[in-house]
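Notes follow the structure.
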Amino acid sequence: MSQKPEDIFKNVISHSKEYGFIFQSSEIYDGLSAVYDYGQLGAELKKNIRDYWWKAMVQMHENIVGIDAAIFMHPTTWKASGHVDAFNDPLIDNKDSKKRYRADVLIEEHVAKLEDKINKEVEKAAKKFENFDAALFKSTNGRVKEYQEKIDAINARFKTALNENNLQEVKQIIVDLEIVCPISGSRNWTDVRQFNLMFSTSIGSVSDESNTIYLRPETAQGIFVNYLNVQKTGRMKLPFGIAQTGKAFRNEIVARQFIFRMREFEQMEMQFFVKPGTEMQWYEHWKQTRLKWHLSLNLGAQKYRFHDHLKLAHYANAACDIEFEFPFGFKELEGIHSRTDFDLKQHEQFSGKKLQYFDSELNQSYVPYVVETSVGLDRLFLAVLSSALKEEQLENDTRTVLQLPAAIAPYKAAIFPLIKKDGLPELAEKIMQNLKFDFNVAYDEKDTVGKRYRRQDAIGTPFCITVDHQSLEDQTVTIRYRDSMQQERMPIANLSVFLAENVGIKTLLQTL
RNA sequence: GCGGAAGUAGCUCAAUUGGUAGAGCUCCAGCCUUCCAAGCUGGAGGUUGCGGGUUCGAGACCCGUCUUCCGCUCCA
């Protein structure tokens, strides 16, 4: 395999396709941009990663419970969360400087310039005359009146365009005003586009005026709106967490880099509710806990780093990313945010319902603070796959091996008869039938055994169990390790225990 | 969205100036039986991303479109 990161990434993509991990969505119709499907092996790997996260977060913490909220939510949810207002901006690009601007800001700045001119006229006049009446001057001075008329005309036209959602008209205003790009100085503009983060659709009968409904752009709100339900029915005491995995949807303008940025993606997140004032210590706690979880996958400690946010989002008082070194560089894998009480307070305000916690120690109620951990499952999948895929140089040849952590490999073991006769397939079949109650196992009798080993290497199966003639006599088999290619003999009766120890998720959880 | 590169079998890639679409691996059915791919026989698989155009003739040239990768941008 070439050392060039670009080639490594290409290999990951073609390997994903070739072995059934990832397919492009609707490929027979030329695909759908930035949407991908998980194939037969990808679905297993993804499920195993999700399970490991869920067990580590929910099963291993008595004070964390999991929910599964619906993708559709009441539209007001997104007003409260700020998603409706935050992403309603008309955008325009300058083709020469390649810079993107908010079209409304460009127009407002132009208007501001005209207002400056008026102010200068007023200042000049104020110096000239005593007993200066600014209002009178503005309403009588010809030049000022001219500017003011221009401003009013622009504002009226802009307002109409926005109300009619007429983006072509917005662009035409920019063209007509001869607004230039501050950087390139050119008037070479693209069309104005509405940058709308959320996908919308309509639903039969929501309530009042609106029947527009959004596909959730993040899963977090499903937890916040259920905060009180869970706290009451689960008798949860602070601090406690609510975890959830599920799909979220964002209509990215540019979505690229394979499954790194998709329009439909899956999040695994946990909102941890704490007493106000303790949030920074929990923020630090979860930073370390989550990093440790990632490190347990053994992809290489040097591939992780924290990236602290200097510029914080409106809801946060501290935020950082756990970044991972993908083939295309260090990129965000998980976000850890101290969200304060912003979300719950917003929902209190918009819903009119109290979302408070009664602290029996303090004998008072308050809105809890929230520390969020949020991983992109698809990104984690890509991190695992791209660092597991190795082209290994052997003595006389090379082999492709997917060095997945055993506990999350799609198949835990493959069972082969050494040859396809003499009763070996029958015994192998029997072993498989027995193991498959506890483990996802594969069976293969086609081609030479060496070839079968390599096939399993390529899909990351940690162990291959081979039945040979000796097996018929003493009920032992050979078990071959994927990474070392070493083999050892063991009784068939020991297989279950051996696999449980070596591929079980328990082994991984115990490292945390 | 702008710019660059690309799209031919499941994968990686050929195809001379525009002249019969091919190879390797994979896959399938057998043979062989030997614990680490590339043994033997046979076979399947393509409207060359899609749609137009130029031409006697287009995988190649032109236009449009879709998709992917790279840079910029975006990513509360």
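Residue numbers begin at 1 in each chain, while the letters A, B, ... track the order of the sequences. Here the structure is a predicted model, which means the values were calculated and not measured.
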Base-pairing mate for [N] - Watson-Crick or G-U, with both contacts under 3.5 Å:
N	result
B:C69	B:G4
B:A15	none
B:U34	none
B:G57	none
B:G51	B:C63
B:G46	none
B:U20	none

Please report, to 0.1 Å, the donor-acceptor pairs under 3.5 Å made by any side chain of residues 29-42 of chain A, with sequence neighbours excluded.
unit_1: A:Tyr38; atom_1: OH; unit_2: A:Asp378; atom_2: OD1; d: 2.6

Would you say the side chain of A:Tyr453 and the base of B:C35 hold a donor-acceptor pair, judged only by whether the two atoms sit under 3.5 Å apart?
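Between B:C35 and A:Tyr453, which were checked side chain against base, a qualifying N/O pair under 3.5 Å is present.
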
No-H, no-angle donor-acceptor pair, A:Arg480 side chain to B:C36 base, under 3.5 Å
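It does, because a donor-acceptor pair links the side chain of A:Arg480 to the base of B:C36 below 3.5 Å.
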
Quickly work out the [X] [atom1] to [N] [atom2] distance and round it to whole Å.
X	N	atom1	atom2	answer
A:Ile419	B:C31	CD1	P	13 Å
A:Arg482	B:C36	CZ	C1'	16 Å
A:Lys17	B:U12	NZ	P	8 Å
A:His469	B:U34	NE2	P	7 Å
A:Gln393	B:A37	CD	P	13 Å

Side chain to side chain contact (heavy atoms under 4.5 Å, CB included) partners of A:Leu355, counting only residues at least two apart
A:Tyr227, A:Leu228, A:Leu344, A:His347, A:Glu348

OP1 or OP2 of B:U68 sitting under 4.0 Å from any side-chain N/O of A:Gln24?
yes

Given [options], the nucleotide with the shortest approach to the side chain of [X]:
X	options	value
A:Ser33	B:C70, B:C36, B:U68	B:U68
A:Phe9	B:C69, B:U68, B:U12	B:C69
A:Arg454	B:U68, B:C36, B:C11	B:C36

Between side-chain atoms of residues 458-478 of chain A and protein atoms elsewhere (two or more places apart, or another chain), which donor-acceptor pairs fall under 3.5 Å?
unit_1: A:Thr461; atom_1: OG1; unit_2: A:Gln456; atom_2: OE1; d: 2.6
unit_1: A:Thr466; atom_1: OG1; unit_2: A:Tyr453; atom_2: OH; d: 2.8
unit_1: A:Asp468; atom_1: OD1; unit_2: A:Gln470; atom_2: N; d: 3.2
unit_1: A:Asp468; atom_1: OD1; unit_2: A:Ser471; atom_2: N; d: 3.1
unit_1: A:Asp468; atom_1: OD1; unit_2: A:Ser471; atom_2: OG; d: 3.0
unit_1: A:Asp468; atom_1: OD1; unit_2: A:Arg489; atom_2: NH2; d: 2.9
unit_1: A:Asp468; atom_1: OD2; unit_2: A:Arg489; atom_2: NH1; d: 3.1
unit_1: A:His469; atom_1: NE2; unit_2: A:Asp422; atom_2: OD2; d: 2.8
unit_1: A:Gln470; atom_1: NE2; unit_2: A:Asp474; atom_2: OD2; d: 2.8
unit_1: A:Ser471; atom_1: OG; unit_2: A:Asp468; atom_2: N; d: 3.0
unit_1: A:Ser471; atom_1: OG; unit_2: A:Asp468; atom_2: O; d: 3.2
unit_1: A:Ser471; atom_1: OG; unit_2: A:Thr476; atom_2: O; d: 2.7
unit_1: A:Asp474; atom_1: OD1; unit_2: A:Thr476; atom_2: N; d: 3.1
unit_1: A:Asp474; atom_1: OD1; unit_2: A:Thr476; atom_2: OG1; d: 2.8
unit_1: A:Asp474; atom_1: OD2; unit_2: A:Thr476; atom_2: OG1; d: 3.3
unit_1: A:Thr476; atom_1: OG1; unit_2: A:Arg489; atom_2: NE; d: 2.7
unit_1: A:Thr476; atom_1: OG1; unit_2: A:Arg489; atom_2: NH2; d: 3.2
unit_1: A:Thr478; atom_1: OG1; unit_2: A:Gln487; atom_2: OE1; d: 3.4

Under the side chain to side chain donor-acceptor pair (under 3.5 Å) test against A:Asp343, which residue among A:Arg339, A:Lys345, A:Gln346 passes?
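Result: among A:Arg339, A:Lys345, A:Gln346, A:Arg339 is the only option passing the side chain to side chain donor-acceptor pair (under 3.5 Å) with A:Asp343.
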
Which is true for [X] with a 4.0 Å heavy-atom rule: it touches a base, it touches only sugar-phosphate, or it touches nothing?
X	value
A:Phe416	nothing
A:Phe342	nothing
A:Gln487	base
A:Ala316	nothing
A:Thr478	base
A:Thr466	base
A:Asp468	base
A:Glu27	nothing

What pair of heavy atoms forms the shortest contact from A:Lys247 to A:Glu264, and how long is it?
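Heavy-atom minimum between the residues: NZ-OE2, 2.7 Å.
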
Which pair of non-hydrogen atoms, one from A:Phe265 and one from A:Phe249, has the smallest distance, and what is that distance?
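In this case the closest contact between A:Phe265 and A:Phe249 is CE2-N, 4.2 Å.
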
Answer yes when A:Asp457 and A:Arg399 have at least one side-chain N-carboxylate O distance shorter than 4.0 Å, and no when they do not.
yes

Determine, for A:Asp447 against A:Arg452, whether the closest basic-nitrogen to carboxylate-oxygen distance falls under 4.0 angstrom.
no

Trace of the side-chain contact (heavy atoms from CB on, under 4.5 Å) decision for A:Leu402 with A:Phe21
CA-CA 12 Å; A:Leu402 201 57; A:Phe21 285 91; 3.7 Å; yes

What N/O pairs connect the protein and nucleotides 42-44 of chain B at under 3.5 Å? Give each pair on its own line.
none

Under 3.5 Å, side chain of [X] to main-chain N/O of [Y], donor-acceptor pair present?
X	Y	result
A:Asn48	A:Ala409	yes
A:Arg216	A:Ala70	yes
A:Arg50	A:Thr245	no
A:Lys303	A:Phe326	no

Quick one: on RNA chain B, does A:Thr448 or A:Ile13 contact a more 5' nucleotide (nearest heavy atom)?
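It is A:Thr448, whose closest nucleotide lies nearer the 5' terminus.
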
Quick one: on RNA chain B, does A:Gly450 or A:Lys421 contact a more 5' nucleotide (nearest heavy atom)?
A:Lys421

Heteroatom pairs (N/O) under 3.5 angstrom, protein to nucleotides 46-53 of chain B:
unit_1: B:G49; atom_1: O2'; unit_2: A:Asp30; atom_2: OD1; d: 3.1
unit_1: B:G49; atom_1: N2; unit_2: A:Asp30; atom_2: OD2; d: 3.3

Between the protein and nucleotides 26-29 of chain B, list every N/O to N/O distance that falls short of 3.5 Å.
unit_1: B:U26; atom_1: OP1; unit_2: A:Lys451; atom_2: NZ; d: 3.4
unit_1: B:C27; atom_1: OP1; unit_2: A:Arg455; atom_2: NH1; d: 3.0

Please determine, by modelled atom types, if A:Thr398 and A:Gln393 share a side-chain donor-acceptor pair under 3.5 angstrom.
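Absent: no donor and acceptor within the cut-off.
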
